[in-house]
Number of protein chains: 2
Amino acid sequence: MVKSSSAARRRGVRADVPVTKEAIVEAAFRLIDERGLEGFSMRSLAAELGVFPATLYWHVGDRGALLGLVEYEWIKQVRMPDPDTDWRTWALEVARGYRAHAFRHPNIARLATLERPQNTGSLRLPDALIGKLVELGFDDDLVDAFNALMGAIRGFVIVELAPRPESIGPDEIEAEIRGLDATEYPNIAANVDRLADRALSLRWSNPTDRPLDDSFDFLVNVLLDGLEARRRA
Amino acid sequence: MVKSSSAARRRGVRADVPVTKEAIVEAAFRLIDERGLEGFSMRSLAAELGVFPATLYWHVGDRGALLGLVEYEWIKQVRMPDPDTDWRTWALEVARGYRAHAFRHPNIARLATLERPQNTGSLRLPDALIGKLVELGFDDDLVDAFNALMGAIRGFVIVELAPRPESIGPDEIEAEIRGLDATEYPNIAANVDRLADRALSLRWSNPTDRPLDDSFDFLVNVLLDGLEARRRA
DNA sequence: ACCTGAACACCGTTCAAGT
DNA sequence: ACCTGAACACCGTTCAAGT
């Protein structure tokens, strides 16, 4: 609130650095990326840009619209593999590429999966995948094949990226998991060494610190096997 | 703010209906279920119970802790199938049961998948599933099989339940999807009748109004086939 | 066209004070 | 032990008014 701060301009005077829609989206992207969606607010973003909150509303609309734009920015950055490679490696690369990009910006990826995209510009990946599935011979069950693949891949990634609860420390979670009652949870207890901090629901580290690469590849390969088998039949 | 309201009690006077931890969790569950997480606040919950906000903090801790309890309540309600049925039908029933319960309380299910559970009491399903996978013969790749199944099922459901953006109406989305540029999205355009309002990313209805039952069954069956095949090999 | 400044109606959380 | 009442530090959003 100091008069000399860049946020204190006179009425109607324009910002030294022009506040464009693009600049706002970029700054919002960076803020959410660094601090998470909880650490993001319209007011903090405005302060960051040296501008009053109302200015944001003029440029991008309300909070929901802005989050939609951030989401869109993220989806556009997902890399598509060479379309001329064979189906199997293409599909595996798409899946891995999607997940890799989610790990680059976990907070934004979570946001983007949770609400449906508000714009149809993010349909490059779906379109390409549908094309490949049609080539493979799917027709009546095209929707199911597409949904299974898309839902499993996007879903796995978002479940994998679910953050730890803030209220409890990792050590406490570890202690709880390692000390689980063997009569109540016999199978977990019997395989604790294999599962600890690796199996979903039994992790205590940050998801980005302990990526489940092998499990993801396992899932995708099982799905691709299954889809091919169903076409041969 | 009327004096005669049940919310206006004198200092230190107890509520006519005692405010227990259980009552708070139950009321929170109902509020989120009906109005969604966005329509829920500590203050509105307190008002609903005829009590001051600070009372909630005394009984259940902060907002995060309360959401954890609501989550836990939901997970406990997931029905487990008869453990003595054969592996294949057991697994299918678990998956369907999980999803069915998510559809009963979509707002809570979304909440429960987004953050990791804060309590280890919700491990009945994981434990049972691990037991079945061990029976099937998984050992070194037990984690991967478990994660693939769990991640795909929970993930599919949460992606399926992603709500429409509030800012845009269903009609507008439908129009946009049906009018997609055929040169930019040739494969979607060519199969629009099969995909419209059924394929992920191409829906405009509410998720609960257009459940993707077939796609979910397709996914689960492909996964179960794949797991069994990997064990025979 | 673009931005300010203030206002409105909310939040979550804490804490001394009451019974 | 349980709850009030008020306070603190925030929110998102709107809108008349300025340049």
Side-chain angles (χ1 to χ4, degrees), chain A residues 1-25 27-28 31-32 35-70 111 115 165-167, chain B residues 1-25 27-28 31-32 35-70 111 115 165-167:
Chain A
M1 299 302 172
V2 192
K3 266 275 167 190
S4 64
S5 131
S6 73
R9 267 182 267 104
R10 285 199 328 287
R11 291 200 143 214
V13 171
R14 253 158 244 191
D16 3 323
V17 178
V19 184
T20 64
K21 187 172 176 174
E22 291 73 31
I24 293 173
V25 173
L31 273 184
I32 299 174
R35 305 179 203 173
L37 191 58
E38 306 74 31
F40 168 82
S41 74
M42 297 298 275
R43 292 182 107 110
S44 63
L45 172 58
E48 180 93 353
L49 292 167
V51 106
F52 278 70
T55 306
L56 304 178
Y57 289 80
W58 197 91
H59 285 284
V60 298
D62 65 9
R63 186 185 147 100
L66 175 53
L67 294 184
L69 292 170
V70 169
L111 166 68
E115 305 198 350
E166 296 174 10
S167 45
Chain B
M1 300 301 172
V2 192
K3 268 277 166 189
S4 65
S5 129
S6 73
R9 265 180 268 106
R10 286 200 328 287
R11 291 199 143 215
V13 171
R14 252 159 245 187
D16 2 324
V17 178
V19 184
T20 64
K21 186 172 176 176
E22 291 72 33
I24 292 173
V25 173
L31 273 184
I32 299 174
R35 307 181 201 172
L37 191 57
E38 305 75 31
F40 167 82
S41 73
M42 297 298 275
R43 291 182 109 107
S44 62
L45 172 59
E48 181 93 353
L49 292 168
V51 108
F52 278 71
T55 306
L56 305 179
Y57 289 80
W58 196 91
H59 284 284
V60 298
D62 65 9
R63 185 185 149 99
L66 175 53
L67 293 184
L69 292 171
V70 169
L111 166 69
E115 305 199 349
E166 296 174 10
S167 44

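Naming: A, B, ... by sequence-line order, numbering from 1 per chain.
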For [X] and [N], what is the distance between atoms [atom1] and [atom2] respectively, to the nearest whole Å?
{"X": "B/F52", "N": "D/dA7", "atom1": "CZ", "atom2": "P", "result": "13 Å"}
{"X": "A/E48", "N": "D/dC11", "atom1": "CD", "atom2": "P", "result": "13 Å"}
{"X": "B/Y57", "N": "C/dC15", "atom1": "OH", "atom2": "P", "result": "13 Å"}
{"X": "A/L37", "N": "D/dC11", "atom1": "CG", "atom2": "P", "result": "13 Å"}
{"X": "B/K21", "N": "D/dC3", "atom1": "NZ", "atom2": "C1'", "result": "18 Å"}
{"X": "B/L45", "N": "C/dT13", "atom1": "CG", "atom2": "P", "result": "12 Å"}
{"X": "B/I24", "N": "D/dC3", "atom1": "CD1", "atom2": "P", "result": "8 Å"}

Quiz item: Got a salt bridge between A/E48 and A/R35, using NZ or NE/NH1/NH2 to carboxylate O under 4.0 Å?
Solution: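 Salt bridge between A/E48 and A/R35, a charged N being under 4.0 Å from a carboxylate O: yes.
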Exercise. Ignoring the backbone of B/A54, work out which of D/dC15, C/dG12, C/dC15 is nearest its side chain.
Key: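 Taking heavy atoms from C-beta onward, the closest nucleotide is C/dC15.
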Quiz item: So which nucleotide from D/dT4, C/dC3, D/dC2 ends up closest to the side chain of B/W58?
Solution: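 Nucleotide nearest to B/W58's side chain: D/dC2.
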Quiz item: With a non-hydrogen cut-off below 4.0 angstrom, is A/R63 in contact with a base, only sugar-phosphate, or nothing?
Solution: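 Sugar-phosphate, backbone atoms only, no base.
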Exercise. Could you check whether B/S41 gets within reach of a base, just the sugar-phosphate, or nothing at all, counting any heavy atom under 4.0 Å?
Key: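 Sugar-phosphate only.
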Quiz item: Can you tell me the Watson-Crick or wobble partner of C/dA9, both distances under 3.5 angstrom?
Solution: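 C/dA9 is paired with nothing.
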Practice problem: Identify the nucleotide, in any strand shown, that forms a Watson-Crick or G-U wobble pair with C/dA16, with both distances under 3.5 Å; if there is none, say none. | Solution: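 With both distances under 3.5 Å, C/dA16 matches D/dT4.
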Self-check item: Contact nearer the 5' end of DNA chain D, comparing B/T55 with A/M42
Solution: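 By nearest-heavy-atom nucleotide position, the 5'-most residue is B/T55.
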Quiz item: Does B/H59 put a side-chain nitrogen or oxygen below 4.0 Å from OP1 or OP2 of D/dC3?
Solution: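 So the side chain of B/H59 is within the cut-off, an N or O lying under 4.0 Å from OP1 or OP2 of D/dC3.
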Exercise. Nearest 0.5 Å please: distance from the CG atom of A/L67 over to the CE atom of A/M42.
Key: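 Nearest 0.5 Å value for the CG-CE distance: 8.0 Å.
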Quiz item: If you measure from OH on B/Y57 to CD1 on B/I24, what distance do you get to the nearest 0.5 Å?
Solution: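 B/Y57 atom OH to B/I24 atom CD1 measures 11.5 Å (nearest 0.5 Å).
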Practice problem: Considering non-hydrogen atoms only, spot the tightest contact between A/I32 and A/L37 and give its length. | Solution: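 Minimum heavy-atom separation between A/I32 and A/L37: CG2-N, 4.0 Å.
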